[in-house]
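Have a look at the structure below before the remarks.
Keep in mind it's a predicted model, so treat the numbers as computed, not measured. We count ligands from 1, going down the list as the structure has it; atoms in each ligand are counted the same way. In what follows, residues are counted from 1 in the order of the sequence shown.
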Amino acid sequence: MQQRIALVTGGTRGIGSAISLALKNKGYKVIANYHKNHETAEAFRKQHSIDIYSWDVSSYEECQSAVQKIIQEHGEISILVHNAGITKDSFFHKMSPSMWNEVIQTNLSSCFNMAHPLVESMRQNGFGRIIMLSSINALKGQMGQVNYCAAKAGIIGFSKALALETASKGITVNVIAPGYTDTEMVRSVSENVLEKILAQIPAGRLGHADEIARCVTFLADENAGFITGETLNINGGQYLS
Ligand code: CAA
């Protein structure tokens, strides 16, 4: 069988880089998207021989033209792992409209922006895997993250609806909801707050990016075709839904 192509957004850092590597190790041709951090992305490309493309997932036009370019240069994309996301944490009464809009555009509207240009070819090929990265905080709520929780919860509704529409075409749409994972994003939380968070995790530690990545490869597999519309929680017991 021809090597399948997997596109990973935010795929050169944090959880995304672990996902890119895990998919590559499973034999997929991986393309990693990133936005602004050229230096890190270039180092990632050199170290792992994974092709990188820079664009902003909050822009429909940029997603559309990047997807077209990747298809022209590499072939049809069968697997989308949409992992790119940002935080703009603040208590709600201090949250500006731009903090709200940026997080909703980057974390939620980007699901439309990335899946829409890809879904038609997946339908025609009778195969597709769409895996969206949400968060524990979509399910449990989190003080300081009204914007983030709204966007990440939106991803779950988005994925359930798209799963229903695409199931008969061999496409699955699933969500992974990581808990607090040892990445730059979590390490940027202040130490006293992080201590409180750690105390809430029954496993007694942060998650590892590899532990999230191995669940992505499981859902991306050809043999995972009967799992769709699901949300897989990976959070060390911090929240059981
Ligand atoms: N858990 C427990 N307590 C928390 C908390 C949390 N996640 N976040 C804030 N608090 C507590 C603080 O410890 C503090 O308590 P005390 O008054 O008893 O000291 C109180 O709330 C006020 O917090 P700050 O003093 O930090 O207030 P601030 O206005 O300076 O900052 C904030 C507010 C921006 C929300 C900041 O507290 C913060 O960044 N909190 C972390 C929010 C968070 O969990 N973000 C997740 C980032 S990682 C991620 O998003 C990935 C993922 O999917 C899991």
Classify the angle between the aromatic ring planes of Y53 and W55 as parallel (below 30°), tilted (30 to 60°) or perpendicular (above 60°). perpendicular

Whether F91 and H93 hold their rings parallel, tilted or perpendicular, with breakpoints at 30° and 60°: parallel

Give one line per pair: atom of ligand 1, protein atom, distance. Only N/O to N/O under 3.5 Å.
unit_1	atom_1	unit_2	atom_2	d
ligand 1	7 (N)	Q142	NE2	2.7
ligand 1	13 (O)	K196	NZ	2.8
ligand 1	15 (O)	K196	NZ	2.9
ligand 1	18 (O)	K196	NZ	3.2
ligand 1	29 (O)	K94	NZ	3.1
ligand 1	44 (O)	Y180	OH	2.9
ligand 1	45 (N)	D89	OD2	2.8
ligand 1	45 (N)	Q145	NE2	3.4
ligand 1	50 (O)	Q145	NE2	2.9
ligand 1	53 (O)	S135	OG	2.7
ligand 1	53 (O)	Y148	OH	2.7

Side-chain (T181) to main-chain (T183) donor-acceptor, under 3.5 angstrom: no

Check for a donor-acceptor pair, side chain of N107 on one end and backbone N or O of I86 on the other, with a separation under 3.5 Å. yes

Mind jotting down which residue pairs meet the side-chain hydrogen bond (donor to acceptor under 3.5 Å, both in side chains) criterion with at least one end in residues 19-31? Sequence neighbours excluded, please. K29-D51

Full working for side-chain contact (heavy atoms from CB on, under 4.5 Å) between V30 and V8: CA-CA 7 Å; V30 176; V8 183; 4.1 Å; yes

